Amino acid sequence: MVAADSERPKDPAVRMFRRERSVPLRGSAAALCNNLSVLQLPARNLMHFAVVHGPSAQLLSAAPEGVPLAQRQLHAKEGAGVSPPLITQVHWCVLPFRVLLVLTSHRGIQMYESDGSIMVYWHALDSGDTSSVQAVFARGIAASGHFICVGTWTGQVLVFDIPAKGPNIVLSEELAGHQTAVTDIATEPAQGQDSVADMVTADDSGLLCVWRSGSEFTLLTRIPGFGIPCPSVQLWQGIIAAGYGNGQIRLYEATTGTLHVQINAHARAICALDLAPEVGKLLSAAEDTFVHIWKLRRSPESGYIEVEHCHGECVSDIQVCGARFCDPSGSSFAVTGYDLAEILRYSSV
């Protein structure tokens, strides 16, 4: 059931966010969807940012006012091949007992300690009988309990079992639910409930697969695509938010796959979604240069998913490629763009 179908909103007259000091980059972000990862360390009053730039990833630490304190550059492990492999994504995975930085490329999957200082695991991608014209890559990264899940060009999702410390990481399972390349993976804590949908995977055809994690992952349902890629997906309190190449956001019930809300949110392809879990705010960014913030809620009377537009920000003359909230309450966010040698930062007024 479609509960709403909203047109792309205009900028509100009252501004909710203001532009803050930018964080400088050594080079621009690559034109990849979801090309920004943010790790907040409240105890140290630091914000960490990670951005892909071709065959390298830039890691930056910044104080709250945006002053850069440290930078590190990571490179894709070369493996077999003559040219440096391109990185497809970099993402911090927050596990119950440790934080790992995961880097995916056309050659494999690299896992580092959270500051990028030590590589603790390397998984080479096996192209097998793949023809030379088909690109081999990993893309889509998320943590689920003590597992890290990574998507691949074949549609498989690799599940790695992560120990409390040390490098003894094991490939424990390979999930087969997609026929085309995985684009993104989202998870949320299951909180001990049985039969809870706590992971969703998306692919280039727009198909969504909903899973229950555990010692063995279980495929609960498939939500059919409609021929449009789904570059970014999020999961919050049993609600799937999926952003598509036609600018639409669709909100589904995770357990049943029922469509509740369809929003014509952007004029061009969506490149990033993010969620502020404490308040149910959804951030969407797209190639139309707009970043929008939405408020999700579930009606206590009907149980239907409801959505309200909160804020729109035009990032003029920038091809946006990454956007993330910088805190779980959604009071600040950051944006990256192709050919832009800085990370734009915004905070609530």
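Since this is a predicted model, take the numbers as computed values, not measurements. Every heavy atom of this structure was used, including side-chain atoms; hydrogens, water molecules and symmetry mates were not.
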Only pairs under 3.5 Å count here: list side-chain donor-acceptor contacts from residues 227-237, not counting sequence neighbours, and write none if there are none.
{"from": "Ser232", "atom 1": "OG", "to": "Asn34", "atom 2": "OD1", "distance (Å)": "2.9"}
{"from": "Ser232", "atom 1": "OG", "to": "Asp184", "atom 2": "OD2", "distance (Å)": "3.4"}
{"from": "Ser232", "atom 1": "OG", "to": "Leu273", "atom 2": "N", "distance (Å)": "2.9"}
{"from": "Gln234", "atom 1": "NE2", "to": "Leu273", "atom 2": "O", "distance (Å)": "3.1"}
{"from": "Trp236", "atom 1": "NE1", "to": "Pro277", "atom 2": "O", "distance (Å)": "3.0"}

| request: Please test Val52 against Thr88 for side-chain contact (heavy atoms from CB on, under 4.5 Å), starting from the C-alpha separation and ending with a verdict. | output: CA-CA 7 Å; Val52 174; Thr88 51; over 6 Å; no
| message | Checking Met16 against Ser348 for the side-chain contact (heavy atoms from CB on, under 4.5 Å) test, could you report, in this order, the C-alpha distance in whole Å, the side-chain angles of both residues, the deciding distance, and whether it holds? | response | CA-CA 6 Å; Met16 295 179 60; Ser348 55; over 6 Å; no
| request: State yes or no: do Leu86 and Trp122 share one hydrophobic cluster built from I, L, V, M, F, W and Y residues joined by side-chain heavy-atom distances below 4.5 Å, directly or via other members? | output: no
| message | Any heavy-atom pair between the side chains of Ser114 and Arg98 that's under 4.5 Å? | response | no
| query | Should Leu259 and Tyr244 be regarded as members of a common hydrophobic cluster, given that ILVMFWY residues are connected when their side-chain heavy atoms come within less than 4.5 Å of each other, either directly or indirectly? | reply | yes
| said: Nearest 0.5 Å, please: how far is CE in Met47 from CG in Leu39? | reply: 9.0 Å
| task | Take Gln319 and Asp339 through the side-chain contact (heavy atoms from CB on, under 4.5 Å) test and state the conclusion after the steps. | result | CA-CA 8 Å; Gln319 183 183 335; Asp339 208 20; over 6 Å; no
| query | Within a strict 4.5 Å, meaning less than it, do heavy atoms of the His48 and Leu59 side chains meet? | reply | no
| hydrophobic_cluster_shared for Ile318 and Tyr338, side chain cutoff 4.5 Å | no
| request: Check whether any side-chain heavy atom of Cys321 sits under 4.5 Å from a side-chain heavy atom of Leu32, and report yes or no. | output: no
| Closest non-hydrogen atom pair, Ala29 against Thr336 | CB-CB, 4.1 Å
| said: Around atom CD of Gln73, are there more than 12 heavy atoms from other residues, nucleotides or ligands closer than 6.0 Å? | reply: yes
| query | So do the side chains of Leu283 and Lys281 get within less than 4.5 Å of each other, counting heavy atoms only? | reply | no
| task | Applying side chain to side chain contact (heavy atoms under 4.5 Å, CB included) between His91 and each of Val38, Val150, Ile141, report the one that passes. | result | Ile141
| task | Using modelled atom types only, decide if a donor and an acceptor are shared between the side chain of Arg324 and the backbone of Leu36 within a distance under 3.5 Å. | result | yes
| field | For the student: nearest non-hydrogen atoms of Phe137 and Leu125, plus distance | value | C-CD1, 3.5 Å
| remark: Rounded to the nearest 0.5 Å, the CD1 atom of Ile305 sits from the CG atom of Leu296 at a distance of 8.0 Å
| Donor-acceptor pair, Asp204 side chain versus Thr180 backbone, under 3.5 Å? | no
| note | Residues passing the side chain to side chain donor-acceptor pair (under 3.5 Å) test with Asp161, sequence neighbours excluded, are His146
| Closest heavy-atom contact between Phe290 and His266? | O-CE1, 3.3 Å
| query | Closest approach of His123 and Leu158, non-hydrogen atoms and distance? | reply | NE2-CD1, 3.7 Å
| message | Has Arg222 got a side-chain atom pairing as donor or acceptor with Gly177's backbone, closer than 3.5 angstrom? | response | yes
| Other than Ile185, which residues form its hydrophobic cluster under the rule that side-chain heavy atoms must be closer than 4.5 Å? | Phe147, Val157, Val159, Leu175, Val182, Met199, Trp211, Phe217, Leu219
| query | So how far is it from Trp294 CH2 to Leu275 CG, rounded to the nearest 0.5 Å? | reply | 13.5 Å
| task | Report, as yes or no, whether the 6.0 Å neighbourhood of atom CZ on Arg268 holds more than 12 heavy atoms from other residues, nucleotides or ligands. | result | no
| request: Using atom types as modelled and distance alone, determine if a side-chain donor or acceptor of Ser299 lies under 3.5 Å from a backbone N or O of Tyr304. | output: no
| request: Give a yes or no on whether the backbone of Ser28 and the side-chain of His53 come within a donor-acceptor separation of less than 3.5 Å. | output: yes
| query | Taking the six-membered ring for Trp, are Phe325 and Phe333 parallel (under 30°), tilted (30 to 60°) or perpendicular (over 60°)? | reply | perpendicular
| note | All heavy atoms of Gln89 vs all of Arg139, minimum pair found to be OE1-C, 3.9 Å
| message | If I take atom OH from residue Tyr112 and atom CD1 from residue Ile118, how far apart are they, to the nearest 0.5 angstrom? | response | 11.5 Å
| Between Ser37 and Ala50, is there a donor-acceptor pair closer than 3.5 Å when you use the side chain of the first and the backbone of the second? | no
| query | When you measure from the side chain of Arg298 to the backbone N and O of Gly303, does any donor-acceptor pair fall under 3.5 Å? | reply | yes
| message | Between Glu308 and Lys295 (salt bridge meaning N to carboxylate O under 4.0 Å), is one present in this structure? | response | no
| task | Quick one: closest heavy-atom pair of Val102 and Cys93, and the distance? | result | CG2-SG, 3.9 Å
| query | Any side-chain donor paired with an acceptor under 3.5 Å for Ser332 and Asp327? | reply | yes
| query | Do Tyr346 and Val291 come within less than 4.5 Å of each other through their side chains, counting heavy atoms only? | reply | no
| said: With rounding to the nearest 0.5 angstrom, report the CG to CG distance, Leu46 to Leu60. | reply: 12.0 Å
| task | Flag yes if Val170 and Phe97 sit in one hydrophobic cluster, no otherwise; membership is Ile, Leu, Val, Met, Phe, Trp, Tyr, and two members link when side-chain heavy atoms are under 4.5 Å apart. | result | no
| message | Can a donor-acceptor pair be found, under 3.5 Å and without considering hydrogens, that links the side chain of Gln110 to the backbone of Lys77? | response | yes
| Can you tell if the side chain of Leu101 reaches within under 4.5 Å of the side chain of Leu74, non-hydrogen atoms only? | yes
| query | Can you check whether Ile169 reaches Leu100 side chain to side chain, under 4.5 Å on heavy atoms? | reply | yes
| query | Shared ILVMFWY cluster between Leu251 and Val279, side chains joined below 4.5 angstrom? | reply | no
| task | May I ask you to check if Arg345 and Phe49 form a cation-pi contact, with NZ or CZ under 6.0 angstrom from the six-membered ring centre and within 45° of the axis? | result | no
| said: Whether the side chain of Glu253 engages the backbone of His260 through a donor-acceptor N/O pair (distance < 3.5 Å, no angle test) should be reported. | reply: no
| Roughly how far apart are Leu171 CG and Phe160 CZ, rounded to 0.5 Å? | 5.0 Å
| Under 4.5 Å between any side-chain heavy atoms of Asn35 and Val51, yes or no? | yes
| N/O donor-acceptor pair under 3.5 Å between His75 side chain and Ser56 backbone | no
| message | Run the side-chain contact (heavy atoms from CB on, under 4.5 Å) test on Thr255 and Leu220 for me, step by step, so that the C-alpha distance in whole Å, both residues' side-chain angles and the decisive distance to 0.1 Å come before the verdict. | response | CA-CA 7 Å; Thr255 52; Leu220 299 179; 5.9 Å; no
